[in-house]
Amino acid sequence: MTELLQLPLFWASATLAAFLIGQQVYLRSGSNPLFPPILIGVALLSGLLLLTGTPYPVYMQGGELINMMLGPVIVMLAVPLYQYLHTMRRHWQRVIIAIACGSGTTIVVAGALTYWWIGDLPLSRTIATKSITTPVAVAISDQVGGLAAMASAFVIATGILGALMAPPLLRLIRRDQPHTVGLTLGICAHAIGTSRALELGQQQAAYAALAMTLTATLHALVLPSLLPWLI
Amino acid sequence: MPGLLILLACLLLGHFFHNVFTLPVPAAIIGMLILLVSLLLVGKTPQSLQQTTRTLSPLLPLFLMPVSTGIVTQGETIARHGPALLVILIVSLIPGILVCGWIMGKGYFHD
C-alpha cells in the first residue's frame with residue numbers, strides 16, 4: 001500500500017477521481033455556487049495527502065501529468081473571447097472602462113488592505129491576482145514572485161463570494177439589468193461567476209464570459225510590470 | 001486532434017516570444033493573444049478548434065487541481081492569516097461590484 005502511494009500514476013488517478021466526485025456533488029447540490037467542483041475536489045485531495053502523510057512534491061510527480069494541460073487550456077481561452085467579442089461591438093468603450101475600473105478597484109483595495117493589515121509582500125502580490133480566472137492567476141502569480149498555491153485559493157474563494165454577493169448588491173443599487181449583472185459577475189467572480197450567470201440567462205452568460213476573459217487578458221498584460229512597481 | 005496541435009503551436013510560439021524578448025507576460029497569455037489575433041485575421045474558428053474547445057472546457061477545473069492542491073503547503077499562512085484574508089476578500093469585492101454597476105448603468109444604454 002505504501003509503495004502505491006509513491007507512484008505518480010496513483011496520484012494522477014486520485015486527482016481525476018477527486019475531480020469526478022467534486023463534479024457529482026456539485027450537480028447533486030443543484031449547481032449550488034457554494035460548492036464548485038474544484039473546491040470539493042481540492043478538499044478531498046488535500047485531505048488524502050494529509051491523511052497519508054504524502055509530501056506535495058511526491059504528489060506533484062503524478063499531478064504534473066494533469067498540470068501539463070494548463071498551458072494549452074489558457075491558450076484555448078482565445079476561442080470564447082473571439083466568439084463573444086461581437087456582443088460588445090456597440091459599446092466596447094463602456095465595457096472596457098467597466099472592466100478596467102471594476103477589477104482595478106477590487107484588487108487595489110485587496111492588495112492595499114493585505115499590505116496594511118498583514119504586511120506580507122508576497123501575499124499582497126498574490127491577492128492582487130484574485131479577480132482573474134485560476135489558470136491565468138497562477139501563471140501571473142509565478143511571474144511576480146507570489147505564491148501560486150495561495151493564488152488559486154484566493155481565486156476560488158473570490159469566485160464563490162463574488163457569485164453570491166454581486167447579484168443582490170446590484171439589485172440594492174438598482175443596477176440589475178442583465179448586461180450589468182453578467183459583466184459584474186465576470187469581472188468580480190471569473191469562471192464561478194460565469195457559471196452563475198449561465199443560470200440567470202443567456203445574455204448574462206455572454207457578458208460574464210466576455211468580462212472574464214477580457215479581465216484575465218488585461219491583468220495578464222498589466223500586472224506583471226505594474227505590481228513590482230506598486231507594492 | 002488538429003485543434004490541440006493549434007493550441008500547442010500557439011503555446012510554443014508564446015514561449016518563444018517570452019524567452020527571446022524576456023517579456024514579463026506569461027508565455028501562455030502570449031500564446032492566447034497569438035491565437036486571438038489569428039482568429040480575427042482568419043475571421044472564423046476552425047471546426048477542429050471548436051471541437052477541442054468543447055472537449056476541454058468542462059475539464060478545466062481538473063487541470064487546475066494539482067496547482068490548487070498546493071494549498072497543503074500553505075498551512076502556516078492559513079492558520080495565521082486565514083480569517084483576515086477572508087475579510088479582505090469580502091470587503092474588497094464591494095467597491096468592485098459597485099464601480100461595475102455604476103459604470104454599466106450610467107446614462108442611456110441601448111442593447
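Proteins come first, then strands; the chains are lettered A, B, ... in the order of their sequence lines, and each starts at number 1.
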Check your understanding: Relative to chain B, which segment of A:Leu65 carries a heavy atom at a distance below 4.5 Å: side chain, backbone, both, or neither?
Key -> neither

Revision key, fill the gap. Max heavy-atom pairs within cutoff under 4.5 Å with chain A, candidates B:Gly3, B:Gly14, B:Gly43, goes to B:Gly43

Exercise for review: Examine whether an atom of A:Ile66 lies under 4.5 Å from a heavy atom of chain B, and if so say whether it belongs to the side chain, the backbone or both; otherwise answer neither.
Suggested key: both

**Study point:** Any A:Thr129 side-chain heavy atom under 4.5 Å of A:His219 side chain
**Key:** no

Check your understanding: For A:Leu113, is it the side chain, the backbone, both, or neither that has a heavy atom closer than 4.5 Å to a heavy atom of chain B?
Key -> both

Review point. Checking B:Val37 against chain A: side chain, backbone, both or neither under 4.5 Å from a heavy atom?
Key: neither

Check your understanding: Relative to chain A, which of B:Val67, B:Val99, B:Leu62 shows the most heavy atom pairs under 4.5 Å?
Key -> B:Leu62

Practice item. First locate atom OG of B:Ser48, then atom CG of B:Leu5, and finally report the distance between them rounded to the nearest 0.5 Å. Key: 9.0 Å

Practice item. With rounding to the nearest 0.5 Å, note down the distance linking OG1 in A:Thr114 to CG in B:Leu89. Key: 7.5 Å

Study note, to complete from the structure: Under 4.5 Å to a heavy atom of chain A? For B:Leu8 that would be side chain

Review point. Just how far is it from atom CZ of A:Phe154 to atom CG of B:Leu86, taken to the nearest 0.5 Å?
Key: 10.0 Å

Check your understanding: Should A:Leu214 and A:Ile187 count as side-chain neighbours, where that means a heavy-atom distance under 4.5 Å?
Key -> no

Check your understanding: By a 4.5 Å heavy-atom criterion (distance strictly below it), what part of A:Tyr59 contacts chain B: side chain, backbone, both, or neither?
Key -> side chain

**Study point:** Under 4.5 Å from any heavy atom of chain A - which part of B:Leu4
**Key:** side chain

Review point. Which distance, rounded to the nearest 0.5 Å, do you find between the CD1 of B:Ile97 and the OG1 of A:Thr180?
Key: 13.0 Å

Exercise for review: Examine whether an atom of A:Leu16 lies under 4.5 Å from a heavy atom of chain B, and if so say whether it belongs to the side chain, the backbone or both; otherwise answer neither.
Suggested key: both

Review point. Any side-chain heavy atom of A:Cys101 within less than 4.5 Å of one from B:Ile103?
Key: yes

Exercise for review: Using a cut-off of under 4.5 Å on heavy-atom pairs, state which of B:Ile34, B:Ile29, B:Leu39, B:Val72 scores highest against chain A.
Suggested key: B:Leu39

Practice item. Please look at A:Met76 and chain B and tell me whether the side chain, the backbone, both or neither of the residue comes under 4.5 angstrom of a heavy atom of that chain. Key: both

Review point. What residue in A:Leu169, A:Thr158, A:Leu170, A:Ile107 has the most heavy-atom pairs under 4.5 Å with chain B?
Key: A:Leu169

Point to revise | Best-contacting candidate, B:Gln50, B:His81, B:Arg80, against chain A by heavy atom pairs under 4.5 angstrom | key: B:His81

Practice item. Measure distances from A:Leu221 to the heavy atoms of chain B and classify the residue's part below 4.5 Å as side chain, backbone, both or neither. Key: both

Practice item. With rounding to the nearest 0.5 Å, note down the distance linking SG in B:Cys100 to CD1 in A:Ile99. Key: 8.5 Å

Check your understanding: Looking at A:Val75, A:Val109, A:Thr15, which has the largest count of heavy-atom pairs under 4.5 Å with chain B?
Key -> A:Val75

Check your understanding: Can you tell which of B:Leu85, B:Leu59, B:Thr52, B:Leu33 has the highest number of heavy-atom pairs within less than 4.5 Å of chain A?
Key -> B:Leu85

Point to revise | Rounded distance (nearest 0.5 Å) linking atom CG of B:Leu49 with atom CG of B:Leu56 | key: 10.0 Å

Exercise for review: Find out whether B:His15 and B:Ile30 are in side-chain contact, i.e. whether some heavy atom of one side chain is under 4.5 Å from a heavy atom of the other.
Suggested key: no

Under 3.5 Å, which donor-acceptor pairs link side chains of residues 37-53 of chain A to any protein atom two or more places apart or in another chain?
unit_1  : atom_1 : unit_2  : atom_2 : d
A:Ser46 : OG     : A:Val42 : O      : 2.7
A:Thr52 : OG1    : A:Leu48 : O      : 2.8
A:Thr52 : OG1    : A:Leu49 : O      : 3.4
A:Thr52 : OG1    : A:Thr54 : OG1    : 2.7

